[in-house]
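Just so it is clear: chains get the letters A, B, ... in the order the sequence lines come, proteins before strands, and each one is counted from 1. Note that the structure is predicted; figures quoted are calculated from it, not measured.
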Amino acid sequence: MHPAKTFWLLLVALLVFCFGLAANLQPQFQSLESSRRQSDNFFSLLLGDSSRIFANSSFVEADAYYHSGYYPTIFDNNEAFKTPHMAEDTGAVASHNQGEETSFMGQPRDWIDAFGRHFIPNRHTHLDEGGPTDDLSSSSEVREILPWLKLSAELDPENIKTYVVTAFWLRTKLNKVPEAEQVLREGLRNNPNDPQLLFELGRIYFENYNDLTRARNIWEAALRSWARQEPGVPQSVRLEKTNANFDNRFIFEQIQTSLAQLEEKAGNLNAAIDHWRKVKLASPTPDDIQRHIDELKQKPAAPLP
Amino acid sequence: MNNIFAVAGIVIKELYRRKDFYVLFILTIVICVIMASVNIFNDNQIIRYLKELCLLLIWISSLVIAITTTARQIPAEREQRTLLPLLAKPLSRPQLIFGKFLGCWFACGLVLVCFYAFFGALAASREHAWPLLNYFQAAFLHWVMLGVVIALTLLGSLVFAAPSSNSTICFVIVMAILCVGRYLDAVALSRPEPVRTVIYSLYYAIPHLEIPFEMRNLIVHDWPLIGWNFVALDALYLLAYAAAFLVAACLVFRRKAVN
């Protein structure tokens, strides 16, 4: 065969092979890309799934900072610290704590233990309440938990409560509302349509920007997202009062309560009553809710100026 | 006493001729400065994470300097064949041991002064406060605690063959005490006999070096000053252990062949 002809045939064969290989690899590469999108940060690439363990440690460390170092170790009774207090105090995270938080150390076991307690933080305090100084004017000291929360979010971008807690403290005690909004939007980029993140974002628009329309839209989106989380499961089943449904009920109640308050503020009493009725389905104190509904029914509808 | 201080002076001079301290000090500064440059939600007043990191680096550096400097003292004298001429002078074996101990201890004191000065400056740059007495308490107990570590390492250098094995064993012992020493009694309570008695005996026998170590939390989180009586008691408690290790070292060295 003519060498030039052989060369051209080989070139064509190689091109065909390359095209076939590319056509074969492209779908696989796309699926790989989508799975890597969530772990495109440095820590996830470096640590893999173990980054979640470190993220949880960082979150717990933030809570230890919230207590100015007064925190149980694995050797202490941590029943009262199952849910970090800095998360519990935001009101956006359900509490699973039991027992006495002020005396997890118990009585000193011996003289060395008793003596050693003079050299460690030995009193239960919260940073937003002044910490060890008990100076309520220094509640902005709560900023000290932020580096650990930031690290936790970097390590595990799918942990919702990290964004919720960070945003809450940023906007309530540090008056950094734009940063709080940025944190929540970052969370929503990593966890699209998450109802808890949407709920928190709605709180920013309602409580800080006083933008009722956008807050209502965001909370309604949060409700739709909550409904989509378990498609096919009726609302009544998700709101059954079982331990497994605790978080489901909690977020539903939070969103509906906020919407009801928003409608009250906007003067839409009928809409508010409608939302309070839904709150009643999930609330642990339905009688109180009914009493409030009855009060609202007595009021004439008068929108705020 | 003059003989002891003469030996101690040589040890201090040796420390500032070596590069260990400079490397660790610069490394601590570099790491802290890099960490301080991280932007955390545009807030320039966040400091506690930096204080914690800086104190941790200070503790690691001081332990490295204390153990490695002490571990090579007597083996180096033996290897360089200077031990015999040294003891041929009017210098007794216990004086040599005490001289080496004091030299290493004072050298560590100087190291701590530099480290804690940097720590104070770092904290003041954001906190705009100088809780000097709190820093003094922390640095003082840290120094006394290093006295125990130095005495232990000196004893180890007479028992173990090589400085490397001595350093490793001392590091393991010290780290174990710092990490779990405080909780041995809690562990003992959950164990059946006779393990319980063994762990309890260990708990009462070991020097509780973790007491000054855990003081870091008080410094990091701006807790009030500790009572001076407790600081004095802890210092006495630790010095008693240092003295016990030194006496043991003297007893071992008394029967040791020097060539």
Side-chain angles (χ1 to χ4, degrees), chain A residues 58 61-62 64-71 73-77 105-106 108-123 125 127 130-135 138 140-151 153-154 166-167 169-171 174-176 178-180 182-183, chain B residues 35-36 38-53 126-127 137-138 141 145 179-190 200 203-231 233-234 236-237:
Chain A
S58 289
E61 189 62 26
Y65 268 49
Y66 186 63
H67 290 90
S68 299
Y70 179 80
Y71 211 69
T73 62
I74 52 167
F75 298 101
D76 295 308
N77 174 15
M105 287 182 181
R109 292 180 291 269
D110 44 68
W111 67 268
I112 294 174
D113 188 26
F115 181 65
R117 289 186 189 189
H118 294 288
F119 296 85
I120 54 171
N122 52 14
R123 196 160 54 85
T125 59
L127 268 186
T133 59
D134 294 323
D135 177 10
S138 62
S140 59
E141 288 292 306
V142 77
R143 67 165 64 88
E144 299 293 347
I145 67 174
L146 294 176
W148 296 104
L149 291 174
K150 189 179 166 81
L151 180 63
E154 291 273 337
T166 310
W169 292 114
L170 276 171
R171 76 183 171 84
L174 302 174
N175 208 20
K176 288 179 178 283
E179 282 86 353
Q182 203 180 338
V183 166
Chain B
M35 291 307 291
V38 176
N39 176 17
I40 299 162
F41 303 114
N42 306 318
D43 197 321
N44 294 324
Q45 288 177 290
I46 299 173
I47 180 68
R48 291 188 187 177
Y49 79 104
L50 265 182
K51 282 163 75 178
E52 176 157 17
L53 176 74
R126 292 197 179 180
E127 278 185 332
Q137 283 188 339
L141 284 182
M145 174 267 176
C179 294
V180 295
R182 188 181 141 204
Y183 307 106
L184 280 179
D185 55 343
V187 175
L189 283 174
S190 62
Y200 246 125
Y203 174 74
Y204 283 112
I206 58 168
H208 284 272
L209 307 176
E210 77 280 0
I211 293 177
F213 181 64
E214 288 179 351
M215 251 185 88
R216 289 174 311 126
N217 264 331
L218 301 182
I219 301 294
V220 169
H221 297 288
D222 300 333
W223 283 82
L225 215 56
I226 307 168
W228 288 100
N229 51 335
F230 295 116
V231 174
L233 275 174
D234 192 43
L236 284 174
Y237 167 81

With B:Q45 as reference, evaluate A:R143, A:E141, A:E144 under the side chain to side chain donor-acceptor pair (under 3.5 Å) test and give the passing residue. A:R143

Contact origin within B:Y200 toward chain A - heavy atom pairs under 4.5 Å: side chain

Between CG of A:L174 and CD1 of B:I46, what distance do you get to the nearest 0.5 Å? 7.5 Å

How many angstroms lie between atom CD1 of B:I40 and atom CD of A:E179, to the nearest 0.5 angstrom? 12.5 Å

Atom NZ of A:K176 and atom CG of B:D43: how far apart are they, to the nearest 0.5 Å? 4.5 Å

With side chain to side chain contact (heavy atoms under 4.5 Å, CB included) as the test, would you mind laying out the steps for A:R123 and B:W223 before giving the verdict? CA-CA 10 Å; A:R123 196 160 54 85; B:W223 283 82; 4.0 Å; yes

Yes or no on side chain to side chain contact (heavy atoms under 4.5 Å, CB included) for B:Y203 and A:D113, after CA distance, side-chain angles and deciding distance? CA-CA 11 Å; B:Y203 174 74; A:D113 188 26; 4.2 Å; yes

Please state whether the side chain, the backbone, both or neither of A:L149 comes within less than 4.5 Å of a heavy atom of chain B. neither

Specify the closest pair of heavy atoms between A:S68 and B:R48, including all atoms of both residues, with the distance to one decimal. OG-NH1, 3.9 Å

Heavy-atom proximity to chain A below 4.5 Å, by part of B:I226: side chain

Mutual orientation of the aromatic rings belonging to B:Y183 and A:F75 [parallel < 30°, tilted 30-60°, perpendicular > 60°]: parallel

Looking at B:N39, I'd like to know if its CG atom is crowded, meaning that more than 12 non-hydrogen atoms belonging to other residues, nucleotides or ligands lie closer than 6.0 Å. yes

Please classify the contact between B:Y237 and chain A as side chain, backbone, both or neither, with a heavy-atom cut-off of under 4.5 Å. side chain

Under a 4.5 Å heavy-atom cut-off, does chain A meet the side chain of B:I47, its backbone, both or neither? both

Is it the case that atom CG in A:N175 sees more than 12 heavy atoms from other parts of the structure closer than 6.0 Å? no

Check against side chain to side chain contact (heavy atoms under 4.5 Å, CB included), B:H208 and A:F115: CA-CA 11 Å; B:H208 284 272; A:F115 181 65; over 6 Å; no

Can you see which heavy atom on A:I120 is nearest to which on B:E214, and at what distance? CG2-OE1, 3.5 Å

Stepwise side chain to side chain contact (heavy atoms under 4.5 Å, CB included) check, A:F119 with B:M215: CA-CA 5 Å; A:F119 296 85; B:M215 251 185 88; 3.8 Å; yes

With a 4.5 angstrom heavy-atom cut-off, could you sort out which part of B:L233 is near chain A: side chain, backbone, both or neither? both

From B:N42 atom CG to A:Q182 atom CD, the distance as rounded to the nearest 0.5 Å: 8.0 Å

Contacting moiety of B:N229, where chain A heavy atoms sit under 4.5 Å: neither

Between B:Y204, B:Y49, B:F230, who has the most heavy-atom pairs with chain A when the cutoff is under 4.5 Å? B:F230

If I take atom CG from residue B:L218 and atom CG from residue A:N122, how far apart are they, to the nearest 0.5 angstrom? 8.0 Å

